[in-house]
Amino acid sequence: MLGGTCWLINPDRDPVLLRPGDIVLTSAGAPHGLATTSRPLAELPEMEMGGFPPEPGPCEFEFLCGAYRLQHGPVPQYLRALPDLIVVSPDYDRYPEMRALIELLKAEASRALPGRGATVRSLLDLILVQVLRLWHDQDGGLPATDDPGIAAALRRIHEHPQHPWNVAGLSEIAGLPRTAFTRRFTAQVGQPPMSYLTGWRLGRGARLLRETDAPLATIARQVGYSTEFAFSGAFRRHYGVAPGRFRRTAGEVASVGWLWVGRRCPVRAGRGCKVKQNWARRG
């Protein structure tokens, strides 16, 4: 949020008041809107994103919006594990680097200089990393659950993906019989424990492929696969592409970013905007 205040509207959660400096992350295009008063999402008109800088004049609130388009098969587990909407309110005195990144993004987006597209994409990458770090510090980076046993099992999966986990071992950590654990885990997380484990391992493997030069066999062991062949087969089934090709093209996927500015002018009091999902490319 660049200026003004508004409510973040989502049909599956209570409205959240946003203030200047707040950051919202949606991991998979969850329906949401912004409004000056709390109201149902269906009542909000769709928002048409404009260029930067916006037309001068008064407005109720103003925000920057960036997006990525992901390739290579299904949404990675590390994104599916995130809540649909994440809201962070950074302490900019404690994290001055976040303030600096946002100010740089605003400045770059407002000027048509050589290299602007590459700079904006890089700044979006850095801001995304910082937001995920803040959220991880705030909520532990785990899927939301109010069940302490399930949370304990999730924490062990996240911290030790290389361990040869099975339902019996995870249910023991949760302090539940296997059948009850599987039923409760599926209800809380949205998929059975072993499916979640596989997705988390492969998601972590994808990050290691993208961010390191470690050999494939090393990555396989770090995420719980005994051989690189077993890891390669599972990775191909999940992402639809071999690990080697994923690594070669990871830079292309990471560089795809878009940026818009949104403003809500006081045309009708109490109205807002519903963010469209079929955004046009900019920058």
Side-chain angles (χ1 to χ4, degrees), residues 1-8 16-30 32 34 47 49-70 76 78-79 81-141 207-208 210-213 250-264 273 275 279-283:
M1 287 293 296
L2 299 179
T5 61
C6 65
W7 292 92
L8 173 65
V16 177
L17 182 62
L18 300 179
R19 298 178 174 86
D22 287 349
I23 301 173
V24 179
L25 171 65
T26 173
S27 59
H32 62 285
L34 303 174
M47 179 70 178
M49 295 297 182
F52 202 101
E55 294 295 327
C59 65
E60 294 171 332
F61 55 84
E62 188 173 17
F63 60 97
L64 275 174
C65 181
Y68 292 89
R69 293 192 187 279
L70 301 180
Y78 61 86
L79 289 181
L82 296 174
D84 288 341
L85 288 169
I86 293 173
V87 179
V88 295
S89 300
D91 181 343
Y92 289 99
D93 291 330
R94 183 179 178 187
Y95 300 101
E97 63 276 12
M98 178 66 87
R99 185 193 302 276
L101 287 172
I102 293 174
E103 290 300 322
L104 280 171
L105 182 63
K106 289 165 57 180
E108 282 294 327
S110 65
R111 298 176 296 181
L113 297 177
R116 173 181 175 273
T119 303
V120 166
R121 288 192 293 267
S122 297
L123 288 169
L124 286 175
D125 290 343
L126 291 169
I127 290 173
L128 175 62
V129 170
Q130 292 296 325
V131 169
L132 289 175
R133 285 176 176 172
L134 290 171
W135 173 73
H136 190 279
D137 291 343
Q138 173 182 303
D139 296 322
R207 291 200 302 277
L208 292 172
R210 187 176 63 247
E211 298 170 4
T212 75
D213 296 323
E252 299 173 11
V253 177
S255 70
V256 179
W258 288 264
L259 182 71
W260 307 263
V261 64
R263 308 177 87 233
R264 178 60 194 172
C273 56
V275 178
W279 293 319
R281 179 172 178 169
R282 293 189 181 273

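For the single chain, residues carry numbers from 1 onward in sequence order.
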### Task
Could you grab the distance from atom CG of L64 to atom CD1 of I23, nearest 0.5 Å is fine?
10.5 Å
#### Entry: Under the side chain to side chain contact (heavy atoms under 4.5 Å, CB included) test, residues paired with L128 that sit two or more places apart
L25, Y68, L132
#### Entry: Sidechain-backbone polar pair: Y92 side chain, M98 backbone, donor-acceptor under 3.5 Å
no
### Summary
Nearest heavy-atom contact between L208 and T212 is O-OG1, 2.6 Å
### Message
According to side chain to side chain contact (heavy atoms under 4.5 Å, CB included), who are the partners of T119, at least two apart in sequence or on a separate chain?
### Response
E108, L123
### Query
Distance from L126 atom CG to I102 atom CD1, nearest 0.5 Å?
12.0 Å
### Query
Got a second to check how far I127's CD1 is from S122's OG, nearest 0.5 Å?
11.0 Å
### Query
Tell me, do W7 and L18 make a side-chain contact under 4.5 Å, heavy atoms counted?
no
#### Entry: Student check: side-chain heavy atoms of P20 and T5 closer than 4.5 Å
yes
### Query
Does E103 have any side chain to side chain contact (heavy atoms under 4.5 Å, CB included) partners at least two apart in sequence or in another chain, and if so, which?
R99, K106
### Task
Report the C-alpha distance between V24 and L8 in whole Å, list the side-chain angles of each, state the deciding distance to 0.1 Å, and finish with yes or no for side-chain contact (heavy atoms from CB on, under 4.5 Å).
CA-CA 9 Å; V24 179; L8 173 65; 4.0 Å; yes
### Task
Mind checking the CG-SG spacing from L17 to C6? Nearest 0.5 Å is all I need.
7.5 Å
### Query
Below 4.5 Å, heavy atoms only, C-beta onward: do L105 and L124 meet side chain to side chain?
yes
### Summary
Correct closest heavy-atom pair for M1 and R19 would be CB-O, 3.3 Å
